[in-house]
Structures are given as structure tokens and as C-alpha cells.
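This is the structure I have questions about; it appears just below.
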Amino acid sequence: MSFREKSAWAMGAVMLVTGAVYLRVMLALPADLPVRAQILPLMLWVLLVIGLSILVQVPLTVMERKAARQPADEREQLAIARAGRWSGVVMSVAAVSGALLYLAHGNGNMLFYSVIMALILAQFADYALQIWFFRRGY
């Protein structure tokens, strides 16, 4: 398994865990909560993502210093590009779904939460698709 595939596995797990935490916290917040009170959970979530990313990437990079310094080869570049393209589709569909949800309910907070969730889903899809394409040889 290449360094980039290991990194995609690690970061996919980080996005899955932090996305679940984000979803659970945001569903627990009341719909009429003031904006100031909503910022703290979002900031804590961002710090969790950053902290977990550092915790998984640093040991991985230390264990494979040489591989971490190498640029992506042609196969990896193609897999990363294809995964990025498809994750953009995931983000677009999720963001439009959030906009439709806003039109149905008229809750701006829900629109904000759904756009952040669209970004999380797109990033998770990017890592999952990178793994898929690395394994399939694209």
C-alpha cells in the first residue's frame, strides 16, 4: 500500500469520525439558537478535525519519510484528480439538497449546517474515491 493510500485511509477515518460528531452535535442544537451560540460547537469541531489530522498524519509521515517526500506518480495523480472531480459532484448534490431543504423549511441555520455537512461529505468522498481508484489502478 502506497503512502498516499495510507494517508487517504487515515484521513477518511478522521472525516468519518468528525463528520459523525458534527452531525450529532448539530442535530442536538435547538433550531432557534442564536448565531453566537452556534459558533462555539463549530469552532470545537474544526479544532477536532485539525487535531486528529495531525495525530494521524505525523506518525504516518515519520514512519515513511522517504515515501512522504516523493511526488505522486502518474497513476496516483490520475486517481487523485478523478476522486477530486467526483467529490465535487458529491458536494454539489449535497449543497443543492441543503438549498432545497431551506426552501422547504425556511430555516437559515439548517442551510448553514447542511452546507458544512456537504463539505464534510465531499471530503470523505474524495478520500474514499482515492482509495477506490488506487486499488483499481486508475
Side-chain angles (χ1 to χ4, degrees):
M1 187 180 320
S2 73
F3 172 78
R4 283 181 181 68
E5 186 177 349
K6 289 176 187 175
S7 178
W9 275 104
M11 291 306 297
V14 166
M15 292 312 297
L16 187 63
V17 168
T18 58
V21 168
Y22 175 81
L23 185 62
R24 184 172 178 170
V25 168
M26 292 304 150
L27 288 176
L29 291 177
D32 59 350
L33 193 65
V35 174
R36 286 185 221 165
Q38 296 172 23
I39 293 173
L40 181 62
L42 183 62
M43 287 174 40
L44 291 174
W45 174 79
V46 169
L47 291 174
L48 179 65
V49 171
I50 293 169
L52 287 177
S53 298
I54 291 169
L55 282 175
V56 299
Q57 287 296 330
V58 168
L60 183 61
T61 303
V62 168
M63 289 187 311
E64 299 191 31
R65 286 183 185 151
K66 186 175 180 182
R69 289 185 181 132
Q70 298 296 323
D73 63 15
E74 297 84 18
R75 182 186 66 86
E76 290 173 335
Q77 287 176 353
L78 181 60
I80 292 167
R82 289 184 73 194
R85 187 187 74 158
W86 283 106
S87 71
V89 172
V90 169
M91 185 170 60
S92 299
V93 168
V96 169
S97 298
L100 293 174
L101 189 63
Y102 173 71
L103 288 176
H105 296 284
N107 186 339
N109 292 343
M110 193 178 294
L111 175 62
F112 176 76
Y113 299 148
S114 61
V115 168
I116 297 296
M117 198 64 196
L119 293 169
I120 295 168
L121 288 173
Q123 194 60 51
F124 176 75
D126 189 25
Y127 295 128
L129 288 167
Q130 280 182 32
I131 293 165
W132 174 265
F133 293 140
F134 287 153
R135 299 235 168 199
R136 289 199 56 197
Y138 287 107

Checklist line | Point-to-point distance, once rounded to the nearest 0.5 Å, from OG1 of Thr18 to CG of Leu47 | finding: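 Going from the OG1 atom of Thr18 to the CG atom of Leu47 covers 12.0 Å.
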Notebook entry, point to check: Among all residues two or more places apart in sequence or in another chain, which pass the side chain to side chain donor-acceptor pair (under 3.5 Å) test with Tyr113?
Noted result: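 Only Gln38 meet the side chain to side chain donor-acceptor pair (under 3.5 Å) criterion with Tyr113.
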Extract all donor-acceptor atom pairs below 3.5 Å that involve side chains of residues 116-131 and protein atoms in other chains or at least two apart in sequence.
unit_1: Gln123; atom_1: NE2; unit_2: Tyr127; atom_2: OH; d: 3.3
unit_1: Asp126; atom_1: OD1; unit_2: Gly84; atom_2: N; d: 3.4

Item checked: ring pair (Phe, Tyr, Trp, His ring centres under 6.0 Å) pairs, two or more places apart, involving residues 50-91 ->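 Every pair satisfying ring pair (Phe, Tyr, Trp, His ring centres under 6.0 Å) with a residue in residues 50-91: there are none.
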Next item on the list: For Leu100, enumerate each residue passing the side chain to side chain contact (heavy atoms under 4.5 Å, CB included) test, keeping only those at least two apart in sequence or located in another chain.
Entry: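 Val96, Leu103.
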Item checked: Listed once per pair and sorted, the ring pair (Phe, Tyr, Trp, His ring centres under 6.0 Å) pairs that draw on residues 46-75, sequence neighbours left out ->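 Output for this query is empty, none listed.
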Item checked: Residues that Pro59 engages under side chain to side chain contact (heavy atoms under 4.5 Å, CB included), provided they are two or more places apart ->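 Expected list: none.
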Margin query: Quick test of your reading: applying salt bridge (charged side-chain N to carboxylate O under 4.0 Å, His left out), list the pairs with at least one residue in residues 97-120, sequence neighbours left out, ordered by first then second residue.
Written below: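 Not a single pair qualifies under salt bridge (charged side-chain N to carboxylate O under 4.0 Å, His left out).
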Notebook entry, point to check: For Ser2, which residues count as a side chain to side chain contact (heavy atoms under 4.5 Å, CB included) partner, sequence neighbours excluded?
Noted result: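 So Ser2 forms a side chain to side chain contact (heavy atoms under 4.5 Å, CB included) with Arg4, Glu5, Glu76.
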Item checked: Contact check, side chains of Arg75 and Phe133, non-hydrogen atoms, under 4.5 Å ->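 When only atoms from C-beta onward are counted, Phe133 and Arg75 do not touch, as no gap falls below 4.5 Å.
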Note to self: Could you work out, with side chain to side chain contact (heavy atoms under 4.5 Å, CB included) as the rule, every residue matching Val115, not counting sequence neighbours?
What the structure shows: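 Residues passing side chain to side chain contact (heavy atoms under 4.5 Å, CB included) with Val115: Leu111.
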Check: If two hydrophobic side chains count as joined below 4.5 Å and joins carry through other members, does Leu52 share a cluster with Leu42?
Finding: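 Per the 4.5 Å side-chain linkage, Leu52 and Leu42 are co-clustered.
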Check: Going by heavy atoms in the side chains, are Met1 and Arg135 under 4.5 Å from each other?
Finding: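 Touching, per the 4.5 Å side-chain cut-off.
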Next item on the list: Kindly write out the residues that satisfy ring pair (Phe, Tyr, Trp, His ring centres under 6.0 Å) with Trp45, not counting sequence neighbours, or none if the list is empty.
Entry: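 Only Tyr22 meet the ring pair (Phe, Tyr, Trp, His ring centres under 6.0 Å) criterion with Trp45.
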Next item on the list: Hey, could you give me each pair passing side-chain hydrogen bond (donor to acceptor under 3.5 Å, both in side chains) that has a residue in residues 48-69? Not counting sequence neighbours.
Entry: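 The answer is Lys6-Glu64, Ser7-Gln57.
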